[in-house]
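Working notes, beginning with the structure itself.
Chain naming here is simple, since letters A, B, ... match the order of the sequence lines and numbering starts at 1 in each.
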2 protein chains.
Amino acid sequence: MNQELELVESMDKLSVLVHKFQTELLNGELKEYTLRQLYYIELIDKHEGISVSEISKTLELKKSTISIAINQLIELGIVTKIQSNTDKRFYFLKLTSKGKNIMKLHKQVHKNTIKKIINSLNPKEVESFIKIVDKIAVLDL
Amino acid sequence: MNQELELVESMDKLSVLVHKFQTELLNGELKEYTLRQLYYIELIDKHEGISVSEISKTLELKKSTISIAINQLIELGIVTKIQSNTDKRFYFLKLTSKGKNIMKLHKQVHKNTIKKIINSLNPKEVESFIKIVDKIAVLDL
DNA sequence: ATATATAGTTTTATCAAACTAACTATTATA
DNA sequence: TATAATAGTTAGTTTGATAAAACTATATAT
């Protein structure tokens, strides 16, 4: 069979898989948060000190959208902002201990899933998969 | 490095990739439709004659949700319903020529992306990727 | 000193997507 | 035949995500 067609199907299957991977988060202890919220939390975890404007540029969403979302997380005690000394217009965002705990749970859920994937593949396949994903992840689709 | 951690990153990268793959559809000629609509259209294309109830069960969404979404597609001239002769409560859903054309465009967009992916990998990697995805797609995460 | 730009907030509004509940029409069953 | 169940619709609502526009506060440049 044509590799092109097979690959289209693979992408379909991956879409389903990724969707499962993500929505798993909405079952356990994290079910009170939306995927969007968990995504913002992850972003702040990965880029501690990021600002509302930077998030806005990264995600190509309006500042107002981000501002509202982040302030909601602040009200929930998940995120704090620290005003910059050098430029008082800036606020550095970071996770509170509650936020860090959410990230911990988040990572744990994913880790459990990853284990299932690893168990279903042999080590060579895992290696190969990681390598291939690295190659296609940098593509400018 | 720990394979588990690497795989977590791979899944993150895949999430981004799949998201790009999907939202590409919202750029060109298909931009007037939502991803959800394109998804329903794809579902009806793949399962011609499917009913509202069947979609509802498959997607685990309420019948009313599906009914509204499908009727919207009918109003847009993308889908038609044909009442069953044997059980008049049933309506078989299928795409109109407009709907089929949308699917054609949809597939074309994906095909172009797939080409980029294929070009970035060697044939052995493509084969390997397809095989691995098949294995993990059937997992019950 | 004044004008301009930037960071972030607030208000108001819109939209998609989902839900519940009550409904009609049809079919199956006790 | 009367009652249950099923397919689909309709009305009304809720939630989450987004945007535009007007705003405050601060910083930069002329």
Of the nucleotides [options], which has the atom closest to the [X] side chain?
X       : options               : answer
B:Tyr40 : C:dA18, D:dA5, D:dG8  : C:dA18
A:Asp87 : D:dA27, D:dG8, D:dG12 : D:dA27
A:Lys88 : D:dA19, D:dA27, C:dG8 : D:dA27

*Distance-only, no hydrogens or angles: does the B:Asp45 side chain make a donor-acceptor pair with backbone N or O of B:Ile41 under 3.5 Å?*
no

Exercise. Within the side chain of B:Glu9, is there an N or O that forms a donor-acceptor pair under 3.5 Å with the backbone of B:Glu6?
Worked result: no

**Request:** Check whether any side-chain N or O of A:Thr65 sits under 4.0 Å from OP1 or OP2 of D:dA19, and answer yes or no.
**Result:** yes

Re D:dG12: Watson-Crick or G-U wobble partner, both distances kept under 3.5 Å, found to be C:dC19

Nearest-nucleotide wise, let me know which of A:Gln83 and A:Ser64 is further upstream toward the 5' end of DNA chain D.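 Here A:Ser64 is the residue nearer the 5' end.
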
Original post:
Of B:Ile66 and A:Gln72, whose closest DNA chain D nucleotide lies nearer the 5' terminus?
Top reply: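 With A:Gln72 and B:Ile66 compared, the 5'-side residue is B:Ile66.
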
| Should the heavy atoms of other residues, nucleotides or ligands under 6.0 Å from CD of B:Gln108 be counted, would the total exceed 12? | yes

With sugar-phosphate meaning primed atoms plus P, OP1 and OP2, does [X] contact a base, only sugar-phosphate, or nothing at under 4.0 Å between heavy atoms?
X       : result
B:Tyr39 : nothing
B:Lys63 : base
A:Ser67 : base

